[in-house]
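Inspection log for the structure reproduced underneath, given as structure tokens.
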Amino acid sequence: MPELPEVETVRRGLQPVMEGAVFTRVETRRPDLRFPLPENFAGSLQGHKVESLDRRGKYLIAHLSSGENLIMHLGMSGRFTIEETGKSRPGGFALAQECDPKHDHVVFEMAGRTTARITYNDPRRFGFMDIAPPDGLETSRHFAGMGPEPLGNGFSAQALKEALTGKTAPIKAALLDQRVVAGLGNIYVCEALYRAGVSPRRKAASVAGKRSDRLYGEIIAVLREAIEAGGSSLRDFASTDGALGYFQHRFDVYDREGENCRRCDKPVSRIVQGGRSTFFCAACQR
DNA sequence: AGTGTGTCCTGTGTGC
DNA sequence: TGCACACAGGACACAC
């Protein structure tokens, strides 16, 4: 579930307690998530400061004062919960988290302007964490070959067109490919294709000219809108459950099989592509 | 090289 | 009520 907008929302939630703060204690409650945690994971973090917390695609990256980089991926069920331990009463993002200690896998205790306990919870354990050496980010297996940030300078209608050239795979599969563009997942690919009026079954290379221009615009737009929605949900976290990772969002086609298309009123279809559900309107996506 | 499929993992929902 | 099973899906390994 966490795609670029959700990960960006999580980043913005963690930033105030992580940036400028030092890892005072790191607890790993199991040796692995999706992959084994790196050797000396806790030791690589403890005593070091987070200089900045960035995002690349669906990854969070904490740049450490040691020069190393903490890489975090939420998989599909990963969440962070923040408790501001320095306050007598919970505030900020602190919260009545729904208690699920069974899946609390990693705990960061941070000391900065305030002290906080950040807990990583991940029932399905599809998430993972890794440490990349100084100057080893771009060449790490996670980022080598990754496509441009959709909301960054490297992505444009022209760049999209070039990435799709020659591809015989369906446009749906091409957009899920992180080498084409970073950060899109099943939900936002479905939504962007719907908004652009492009059939998910169309061969990627056939999405050219006006179609790819429109698709480019809708990818950007749907991500921006979702980030904005995440931002507003962040402001409500103090009064809700405090878990960073998900927010309510209204989708046009995703998970709306059989419901009416908001454009033409025909029922939304679901097909399976590459083992994944694709939701779309067969009437208005061509 | 590009494309497609299976795997990981476990909570949730559905049908018998 | 209880059980079996499909499903969710990001990244990756592997086959063709």
Side-chain angles (χ1 to χ4, degrees), chain A residues 1-11 29-38 55-61 71-80 97-106 120-130 132 137 139-147 149-150 162-193 200-207 223 226 241 243 245-246 248-249 251 253-258 268-280:
Chain A
M1 270 290 213
E3 302 180 24
L4 188 152
E6 291 78 16
V7 177
E8 177 60 23
T9 299
V10 171
R11 191 191 70 79
R29 298 190 176 166
R30 52 176 305 135
D32 59 329
L33 296 171
R34 160 112 202 243
F35 306 113
L37 289 167
R55 179 191 55 72
R56 175 84 170 91
K58 301 170 198 172
Y59 292 79
L60 291 170
I61 304 163
I71 297 169
M72 299 172 278
H73 194 293
L74 299 171
M76 69 170 288
S77 58
R79 294 163 179 265
F80 284 101
Q97 65 168 317
E98 61 220 65
C99 217
D100 177 22
K102 190 178 155 204
H103 302 115
D104 287 346
H105 304 309
V106 180
Y120 180 70
N121 178 285
D122 188 356
R124 278 174 237 186
R125 235 186 321 122
F126 264 36
F128 50 89
M129 296 190 189
D130 200 1
L137 258 191
T139 54
S140 82
R141 67 187 178 104
H142 308 294
F143 302 114
M146 183 178 279
E149 275 301 308
E162 284 167 18
L164 299 178
T165 300
K167 283 200 179 297
T168 59
I171 184 67
K172 163 78 188 302
L175 293 181
L176 281 176
D177 187 340
Q178 303 297 296
R179 293 169 298 184
V180 170
V181 57
L184 294 179
N186 206 37
I187 295 175
Y188 292 104
V189 166
C190 289
E191 295 294 308
L193 287 170
R201 294 194 268 223
R202 180 176 274 280
K203 294 231 177 295
S206 79
V207 180
L223 293 177
D241 68 356
Y246 300 90
Q248 298 301 314
H249 193 58
F251 299 119
V253 286
Y254 184 79
D255 205 21
R256 291 192 67 238
E257 181 182 14
V268 170
S269 306
R270 183 180 81 93
I271 57 174
V272 175
Q273 293 178 290
R276 306 260 180 279
S277 287
T278 300
F279 298 90
F280 74 114

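Each chain gets a letter, A, B and so on, in the order the sequences are listed, and its residues count up from 1.
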Roughly how many Å is it from [atom1] in [X] to [atom2] in [N], rounded to a whole number?
{"X": "A:Leu74", "N": "C:dA8", "atom1": "CG", "atom2": "C1'", "result": "16 Å"}
{"X": "A:Arg270", "N": "C:dA6", "atom1": "CZ", "atom2": "P", "result": "13 Å"}
{"X": "A:Tyr188", "N": "C:dG10", "atom1": "OH", "atom2": "C1'", "result": "15 Å"}
{"X": "A:Leu176", "N": "C:dG10", "atom1": "CG", "atom2": "C1'", "result": "9 Å"}
{"X": "A:Asn186", "N": "C:dC7", "atom1": "CG", "atom2": "C1'", "result": "12 Å"}
{"X": "A:Glu6", "N": "C:dG10", "atom1": "CD", "atom2": "C1'", "result": "13 Å"}
{"X": "A:Phe279", "N": "C:dA8", "atom1": "CZ", "atom2": "P", "result": "6 Å"}
{"X": "A:Arg141", "N": "C:dA11", "atom1": "CZ", "atom2": "P", "result": "11 Å"}

Under 3.5 Å: donor-acceptor pair, side chain of [X], backbone of [Y]:
{"X": "A:Lys203", "Y": "A:Ile171", "result": "no"}
{"X": "A:Ser77", "Y": "A:Arg124", "result": "yes"}
{"X": "A:Glu257", "Y": "A:Val268", "result": "no"}
{"X": "A:Arg55", "Y": "A:Gly57", "result": "yes"}

Just one of A:Lys172, A:Glu3, A:Gln273 clears the side-chain hydrogen bond (donor to acceptor under 3.5 Å, both in side chains) bar with A:Asn186, so which one?
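Checked A:Lys172, A:Glu3, A:Gln273 against A:Asn186; only one passes side-chain hydrogen bond (donor to acceptor under 3.5 Å, both in side chains): A:Lys172.
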Base-contact (B) and sugar-phosphate-only (S) positions in nucleotides 7-12 of chain B, heavy-atom cut-off under 4.0 Å, - elsewhere
-BBBS-
Residue-phosphate contact under 4.0 Å: A:Gln178 side-chain N/O, C:dG10 OP1/OP2:
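For A:Gln178, the contact criterion (side-chain N or O under 4.0 Å from OP1 or OP2 of C:dG10) is not met.
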Is A:Arg125 paired with A:Asp32 through a side-chain N to carboxylate O contact shorter than 4.0 Å?
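A salt bridge is present here (some side-chain N lies under 4.0 Å from a carboxylate O).
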Between protein and nucleic acid, restricted to nucleotides 2-4 of chain B and to nitrogen or oxygen atoms under 3.5 Å apart, what atom pairs and distances do you find?
from, atom 1, to, atom 2, distance (Å)
B:dT3, OP1, A:Thr168, N, 2.4
B:dT3, OP1, A:Thr168, OG1, 3.0
B:dT3, OP1, A:Ala169, N, 3.3
B:dT3, OP2, A:Lys167, NZ, 3.4

If you compare all heavy atoms of A:Arg202 against all heavy atoms of A:Val207, which two are closest, and at what distance to 0.1 Å?
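Shortest heavy-atom separation between A:Arg202 and A:Val207 comes out as CD-CG2, 3.6 Å.
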Minimal non-hydrogen separation, A:Ala204 against A:Ala174, with atom names:
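So the two residues come closest at CB-CB, 3.8 Å.
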Compute the ring centroids of A:Phe279 and A:Phe251, then answer whether they are less than 6.0 Å apart.
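When the ring centroids of A:Phe279 and A:Phe251 are compared, they turn out to be at least 6.0 Å apart.
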